[in-house]
Structure formats: structure tokens, C-alpha cells
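Reading through the C-alpha cells given below for one structure.
So that the names make sense, note that chain A is the first sequence line, chain B the second, and so on, each numbered from 1. Heavy-atom basis, side chains included; hydrogens, waters and symmetry copies ignored.
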Amino acid sequence: MARLARSFFARDTRVVARELLGCTFVHILPHGARLSGRIVETEAYRPGDPASHGYRGHTERNAPMFMRPGTAYVYFTYGLHFCFNVSTEAEGVGAAVLVRALEPLNGVEIMQANRRRNRAAAMLPIHALCRGPGNLCKAMALDREHSGVDLCGHSSALFIEPSGNPGGRVRASPRIGVSGDEAAKSVPWRFYVAGNLSVSGPAPNK
DNA sequence: CGCACGATGCGCT
DNA sequence: GCGCATCGTGCGA
């Protein structure tokens, strides 16, 4: 299947965030296994946005946000979690879409193993495997070594496949976990598929 | 059910 | 040092 071209990501971050819903995010592991899931929740982080890592300018960590649209930006936070983003807008512009949740499609058993804390722990329900940005990275085996990877490259292990439609009603809401600036907290730049069990936050998401 | 908090690393002031 | 685009647990109602 085709992968999304750079032109898809080289647009307004809010549009990209909304249109990513329903697309399939794929990670081909080194041994060839395919992990994938349908994107059901995203957030836009835009130029001039106080909540964005790019707000205070270019640093070593956020460098992928300023790279070509379609570049993966994976960062480490709270001392234990990774979050996966895709850069947007244009090269030199600090903007990205945070992918917050997937509905698992391929590689579910591997995801189960990636998420399991220890051998005795109970198996998680499929819809919970990639619910929330930290959980998504754990299940999809993503970490800082994937930051800077070009999702539009022909041979990259990470890419996104296009889709017809999200298969549900798309809703917008304020972003989750944003603190500080009041305007940044209230702006509706989180997008999700209403009612999908894999969407994070208080269930059920209507 | 909701809320509080601890875990735990590191980038930034 | 502070605080973070988080998550799971444990507590009280």
C-alpha cells in the first residue's frame, strides 16, 4: 500500500491532524513483523503556540519539528514515556501533530508483549493497547532512536498509509495535558473519532 | 466513580 | 532545581 506523501504533511497542522484520523500508522520491525493501527486521536501543535515544544525556538531535542514535513519527532517525558509526533507545515517551521491513539490492526500479539509489565500481568484488551501517547509508543516499539526518521522515505521502517474516511464521527476538543497559557488550554486542537474505544480520556468518547 | 499522587529522566531557566 | 503534550494505582465517597 502507498504511504502518505510529503505534500500531505506540508499543510496547516490542524488540517493534517484532522485528516490523519482513519489513516494507518505502520512500523515494520527489524525482523520484518508489521505493527499497525488506525489513527483515532491526534493533536495539533502550531507555530506561535505556547503549548508547543517548538514555541521557544529550535533546540537539539525538538529539531525534527523544524525538519521537512513528514519527519517523526519522538520525545521522552515524565521520566518514563515517549510520545510520537509528525512534523508539519514547512521545513524551518516548528510544528507537529501528536498521535495520541490507535486502533490496533496488525501485530496485536507483539503489542500485547510490548505492553505487558511482567509475565504474570493479565493481557490488556486490544482496544487499550495504543490508547494514549505513552502507551502507543510502548506498544508500537517507538523510542528516541525513531526521532528524525522520514515517514515519507521509500525505505523507512515508519510510515503512514492513506485512508478513505475515519469510519466514525470526527470531533474536536481542547488538548489533553496542556497547562499554563489559558488560550492554549482552551483551543480545540485535539481531534478524535467519537465513540471509538481506543480514544484516550474518560470513556465513552461521544 | 473521581481525585491525588508517585514513578523517574532530562531539557530548560 | 523545576516541571513536563503520561500512566497506573490506591484511596475515599
Side-chain angles (χ1 to χ4, degrees), chain A residues 9 12-14 16-18 20-21 25 37 39-67 71-89 93-102 104 111-148 171-192 197-206:
Chain A
F9 301 101
D12 184 291
T13 307
R14 292 161 295 190
V16 176
R18 191 167 53 237
L20 276 175
L21 296 178
F25 177 43
I39 298 173
V40 295
E41 182 184 2
T42 59
E43 286 179 0
Y45 288 86
R46 307 200 343 109
D49 173 5
S52 170
H53 287 177
Y55 184 63
R56 289 168 212 284
H58 188 290
T59 68
E60 187 172 349
R61 178 171 79 145
N62 68 19
M65 290 186 78
F66 294 82
M67 294 181 186
T71 303
Y73 168 44
V74 182
Y75 68 86
F76 184 68
T77 191
Y78 290 103
L80 55 162
H81 298 295
F82 291 97
C83 294
F84 171 78
N85 305 252
V86 188
S87 70
T88 54
E89 306 272 348
V93 175
V97 172
L98 169 67
V99 181
R100 290 190 55 90
L102 307 176
M111 292 185 191
Q112 296 272 18
N114 291 344
R115 284 295 311 279
R116 197 184 308 228
R117 294 175 160 276
N118 58 68
R119 293 179 65 174
M123 271 206 324
L124 291 164
I126 290 174
H127 67 256
L129 291 172
C130 301
R131 186 169 58 193
N135 293 333
L136 182 157
C137 285
K138 190 79 175 156
M140 292 286 287
L142 299 173
D143 59 35
R144 69 184 104 238
E145 79 181 58
H146 299 101
S147 201
R171 301 285 171 80
S173 81
R175 295 171 295 183
I176 292 177
V178 171
S179 61
D181 188 275
E182 288 301 320
K185 277 195 276 194
S186 62
V187 79
W189 292 346
R190 168 179 178 249
F191 303 93
Y192 62 98
L197 283 177
S198 295
V199 173
S200 69
N205 287 275
K206 291 188 178 176

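- Remark: A:D143 engages no residue in a side chain to side chain donor-acceptor pair (under 3.5 Å) (not counting sequence neighbours).
- For C:dC4, one of the phosphate oxygens OP1 or OP2 lies less than 4.0 angstrom from a side-chain nitrogen or oxygen of A:S179.
- A salt bridge links A:E89 with A:R46; the closest basic N to acidic carboxylate O contact falls under 4.0 Å.
- In this structure, the nucleotide among C:dA5, B:dC10, C:dG8 sitting nearest to the side chain of A:L98 is C:dA5.
- Protein atom CG of A:N135 is 14 Å distant from nucleotide atom C1' of C:dA5, rounded to whole Å.
- Rounded to a whole Å, the CZ atom of A:F84 is 17 Å from the C1' atom of C:dT6.
- Of all heavy-atom pairs spanning A:R190 and A:V199, the tightest one is NH2-CG1, 3.5 Å.
- In this structure, A:R14 places its CZ atom 20 Å from P of C:dA5, rounding to the nearest Å.
- Atom C1' of nucleotide B:dT8 and atom CZ of A:F76 are separated by 7 Å, given to the nearest angstrom.
- Sorted by first and then second residue, the pairs that involve residues 48-64 of chain A and meet salt bridge (Lys or Arg N to Asp or Glu O under 4.0 Å), not counting sequence neighbours, are A:D49-A:R175.
- What you find for A:Y73 and A:M65 is that their closest heavy atoms are CD2-CG, 3.4 Å.
- At whole-Å resolution of the value, NE2 in A:H81 and C1' in C:dG3 are 15 Å apart.
- Checking C:dG8, C:dA5, B:dT8 against every side-chain atom of A:S52, the shortest atom distance belongs to C:dA5.
- With hydrogens and angles ignored, no donor-acceptor pair under 3.5 angstrom links the side chain of A:Y78 to the base of B:dA7.
- As judged by a 4.0 angstrom heavy-atom cut-off over every strand, A:N85 is placed among the base-contacting residues.
- Taking a pair to require two hydrogen-bonding distances under 3.5 Å in either a Watson-Crick or a G-U wobble arrangement, B:dT8 remains unpaired.
- Between A:F191 atom CZ and C:dA5 atom P there is a gap of 19 Å when expressed in whole angstrom units.
- When both distances must be under 3.5 Å, the Watson-Crick or G-U wobble mate of C:dA5 does not exist.
- Note on A:R131: every side-chain N or O is 4.0 Å or more away from OP1 and OP2 of C:dC7.
- Using a 4.0 Å heavy-atom distance criterion, A:G134 is classed as a sugar-phosphate-only contact.
- Atoms CG (A:D181) and P (C:dC4) sit 13 Å apart, rounded to a whole Å.
- The OH atom of A:Y75 sits 6 Å away from the P atom of C:dA5 (whole-angstrom rounding).
- Taking the six-membered ring where tryptophan is involved, the planes of A:F66 and A:H58 are tilted, since the angle between them lies from 30° to 60°.
- Counting only distance, with no hydrogens or angles, the side chain of A:D181 and the backbone of A:P50 share no donor-acceptor pair below 3.5 Å.
- Residues from residues 53-63 of chain A with heavy atoms under 4.0 angstrom of DNA chain B, sorted by number: A:R56, A:T59, A:R61.
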